[in-house]
Participant: 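For reference, the structure I am asking about is given below.
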Amino acid sequence: MTQNSFNVIWLTGMSGSGKSTLASSVERFCKQNKFKVYTIDGDEVRDNDVEKLGFGYKDVLKNNLRIAELCLDLKDKGFNLVLVPVISPYEEIRNKVRSILEPHLHLVYVKADIDSLKKRDTKGLYALADKGVINNLIGYSEINPYDEPNDAEVVVDTSLGVSLELSKGKILNYMEK
């Protein structure tokens with residue numbers, strides 16, 4: 001990837017896997033290297049929208065398609081790299097996003113084992129799910145699955161004990177190719 005091309009690094013993974021942390025780290029590195037980079041946080045898009053979206057299939061579809069359109073808007077504004085940390089749990093929806101953003105989309109699966117997610121639990125969602133307060137936590141509840149990507153360009157394991165630098169390095173190495 002060069003500073004003259006346009007690319008979208010779409011980081012998918014379960015809540016707490018480290019998508020946003022990883023995107024922030026990659027963003028800092030890229031800015032230091034003169035990329036015009038922007039990060040679209042899926043939660044911010046969801047929270048700033050007039051229509052409050054949930055986490056079911058139709059709402060996730062609507063949110064992910066909005067984000068894909070935002071990526072194209074940023075391309076038109078001269079950004080050459082957009083980072084998108086978003087759960088994006090459904091394979092079918094990721095395929096629709098890919099069809100909108102091809103050939104610019106590069107899917108990164110940010111993978112962490114469930115024990116790591118529960119220990120990290122930065123938003124307290126897994127604890128709430130275990131108490132029965134949340135019954136639709138994506139990838140953790142039976143009614144809201146997470147489809148692991150089978151077409152990710154990069155898989156980054158962020159389980160406990162794996163350093164941020166190592167995870168970031170996998171993405172940056174891919175970007176260099």
Participant: Are Thr39 and Ser24 side-chain neighbours, meaning at least one heavy-atom pair lies under 4.5 Å?
Facilitator: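 Counting from C-beta outward, Thr39 and Ser24 never come under 4.5 Å.
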
Participant: Consider only side-chain heavy atoms of I, L, V, M, F, W and Y, link residues closer than 4.5 Å, and tell whether Tyr174 and Leu81 are in one cluster.
Facilitator: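 In one cluster: yes.
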
Participant: Return yes if some donor-acceptor pair links the side-chain N/O of Lys19 with the main-chain N/O of Gly13 below 3.5 Å, else return no.
Facilitator: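 Yes: the side chain of Lys19 pairs with the backbone of Gly13.
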
Participant: If you look only at pairs with a residue in residues 120-129, which of them pass as a side chain to side chain donor-acceptor pair (under 3.5 Å), with sequence neighbours excluded?
Facilitator: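 Pairs touching residues 120-129 that pass the test: Asp43-Lys123.
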
Participant: In this structure, would Ile171 and Leu164 fall into the same cluster of hydrophobic residues linked by side-chain contacts under 4.5 Å?
Facilitator: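 Yes, Ile171 connects to Leu164 through the hydrophobic network.
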
Participant: What distance separates Ile93 CD1 from Ser88 OG, expressed to the nearest 0.5 Å?
Facilitator: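 The CD1 atom of Ile93 sits 7.0 Å away from the OG atom of Ser88.
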
Participant: Please name all residues satisfying side chain to side chain contact (heavy atoms under 4.5 Å, CB included) with Asn135, sequence neighbours left out, ordered by chain then number.
Facilitator: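 Listed in chain order: Ile143.
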
Participant: Between the side chain of His104 and the main-chain N/O of Phe6, is any donor-acceptor distance below 3.5 Å?
Facilitator: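 It does hold such a pair.
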
Participant: Taking Leu172 as the starting point, is it possible to reach Val110 by hopping between hydrophobic residues whose side chains are less than 4.5 Å apart?
Facilitator: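 Yes, it is one cluster - the side chains of Val110 and Leu172 are joined through contacts under 4.5 Å.
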
Participant: Regarding Tyr140 and Lys118, do their side chains bring together a donor and an acceptor under 3.5 Å, going by distance alone?
Facilitator: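 Short answer, yes.
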
Participant: Test your reading of the model: is there a side-chain donor-acceptor pair from Lys170 to the backbone of Val155, 3.5 Å cut-off?
Facilitator: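 Side chain of Lys170 to backbone of Val155: a pair is present.
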
Participant: Looking at every non-hydrogen atom in both residues, tell me the closest pair between Val37 and Lys31 and how far apart they are.
Facilitator: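 Closest approach of Val37 to Lys31, heavy atoms only: CG1-CG, 3.3 Å.
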
Participant: Does one side chain, of Asp113 or Ser116, offer a donor that lies under 3.5 Å from an acceptor on the other?
Facilitator: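 There is such a pair (donor and acceptor under 3.5 Å, judged by atom type) between the side chains of Asp113 and Ser116.
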
Participant: Do other residues, nucleotides or ligands put more than 12 heavy atoms under 6.0 Å from Tyr38 OH?
Facilitator: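 Open: at most 12 neighbouring heavy atoms sit under 6.0 Å from OH of Tyr38.
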
Participant: Ring-plane angle category for Tyr109 and Tyr146, please: parallel below 30°, perpendicular beyond 60°, tilted otherwise.
Facilitator: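 Judged by the thresholds at 30° and 60°, the geometry between Tyr109 and Tyr146 is parallel.
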
Participant: Within this structure, what is the CD1-SG distance for the pair Ile100 and Cys71, rounded to the nearest 0.5 Å?
Facilitator: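 Ile100 atom CD1 to Cys71 atom SG measures 9.5 Å (nearest 0.5 Å).
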
Participant: Counting distance only, does the side-chain N/O of Ser25 pair as donor-acceptor with the main-chain N or O of Thr21 below 3.5 Å?
Facilitator: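 Judged by distance alone, no pair lies under 3.5 Å.
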
Participant: Is there a path of hydrophobic side-chain contacts, each under 4.5 Å between heavy atoms of I, L, V, M, F, W or Y residues, that connects Ile9 with Leu166?
Facilitator: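 Hydrophobic grouping puts Ile9 apart from Leu166.
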
Participant: So which heavy atom on Ser159 is nearest to which on Ala112, and how close?
Facilitator: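 Result for this residue pair: OG-CA, 3.5 Å.
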
Participant: So does Glu69 pair up with Arg66, basic N to acidic O under 4.0 Å?
Facilitator: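 Salt bridge absent between Glu69 and Arg66.
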
Participant: Nearest 0.5 Å please: distance from the CD atom of Glu27 over to the CG atom of Leu83.
Facilitator: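 Answer rounded to 0.5 Å: 6.5 Å.
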
Participant: Is there a side-chain contact between Leu125 and Ile134, using heavy atoms and a 4.5 Å cut-off?
Facilitator: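 Counting from C-beta outward, Leu125 and Ile134 do come under 4.5 Å.
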
Participant: Supply the atom-to-atom distance Ile40 CD1 to Asp73 CG, rounded to the nearest 0.5 angstrom.
Facilitator: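 If we round to the nearest 0.5 Å, Ile40:CD1 and Asp73:CG are 8.5 Å apart.
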
Participant: Determine the minimum heavy-atom distance between Leu101 and Ala68, stating which atoms define it.
Facilitator: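 Residues Leu101 and Ala68, closest heavy atoms: CD2-O, 3.6 Å.
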
Participant: Between Val156 and Ser167, what is the shortest heavy-atom contact and its length?
Facilitator: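 Answer, listing the atom of Val156 first, then Ser167: CG1-CB, 3.3 Å.
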
Participant: Donor-acceptor pair, Asn63 side chain versus Asp59 backbone, under 3.5 Å?
Facilitator: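 Answer holds: no.
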
Participant: When you compare the side chains of Glu92 and Tyr57, does any donor N or O come within less than 3.5 Å of an acceptor on the partner?
Facilitator: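 Yes, side-chain donor-acceptor contact under 3.5 Å.
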
Participant: Check Ser15 against Leu117 and note the closest heavy-atom contact, atom names and distance.
Facilitator: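 What the structure gives for the nearest pair is O-CD2, 3.5 Å.
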
Participant: For the pair Lys111 and Met14, evaluate side chain to side chain contact (heavy atoms under 4.5 Å, CB included) and give the outcome as yes or no after the intermediate values.
Facilitator: CA-CA 8 Å; Lys111 181 178 185 170; Met14 289 179 48; over 6 Å; no

Participant: Would you compute the distance between atom CD1 of Ile67 and atom CG of Leu70 and round it to the nearest 0.5 angstrom?
Facilitator: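 Interatomic distance, Ile67 CD1 to Leu70 CG, rounded to 0.5 Å: 7.5 Å.
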
Participant: Tell me if a side-chain donor or acceptor on Lys36 pairs with a main-chain N or O of Lys77 at a distance below 3.5 Å.
Facilitator: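 Yes; at least one donor-acceptor contact below 3.5 Å.
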
Participant: Where do Asp41 and Ser20 come nearest, in terms of heavy atoms and distance?
Facilitator: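 Closest pair (atom of Asp41, atom of Ser20, distance): OD2-OG, 3.3 Å.
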
Participant: Spell out, yes or no, whether Val154 and Phe35 are grouped together once hydrophobic residues are joined by side-chain heavy atoms under 4.5 Å, including indirect joins.
Facilitator: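 Yes, same cluster.
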
Participant: My understanding is that only residues two or more places apart in sequence, or in another chain, count here; which of them pass side chain to side chain contact (heavy atoms under 4.5 Å, CB included) with Glu91?
Facilitator: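 Per chain and number, Glu91 pairs via side chain to side chain contact (heavy atoms under 4.5 Å, CB included) with Arg94, Asn95, Asp147, Pro149, Asn150, Asp151.
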
Participant: Could you walk me through whether Leu11 and Val84 pass side chain to side chain contact (heavy atoms under 4.5 Å, CB included), step by step?
Facilitator: CA-CA 6 Å; Leu11 298 102; Val84 182; 5.8 Å; no

Participant: Between the side chain of Thr158 and the main-chain N/O of Ser17, is any donor-acceptor distance below 3.5 Å?
Facilitator: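 Side chain of Thr158 to backbone of Ser17, a donor-acceptor pair under 3.5 Å: yes, one is there.
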
Participant: Roughly how far, to the nearest 0.5 Å, is the NE2 atom of His106 from the CZ atom of Arg98?
Facilitator: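 Arg98 CZ to His106 NE2: 9.0 Å, rounded to 0.5 Å.
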
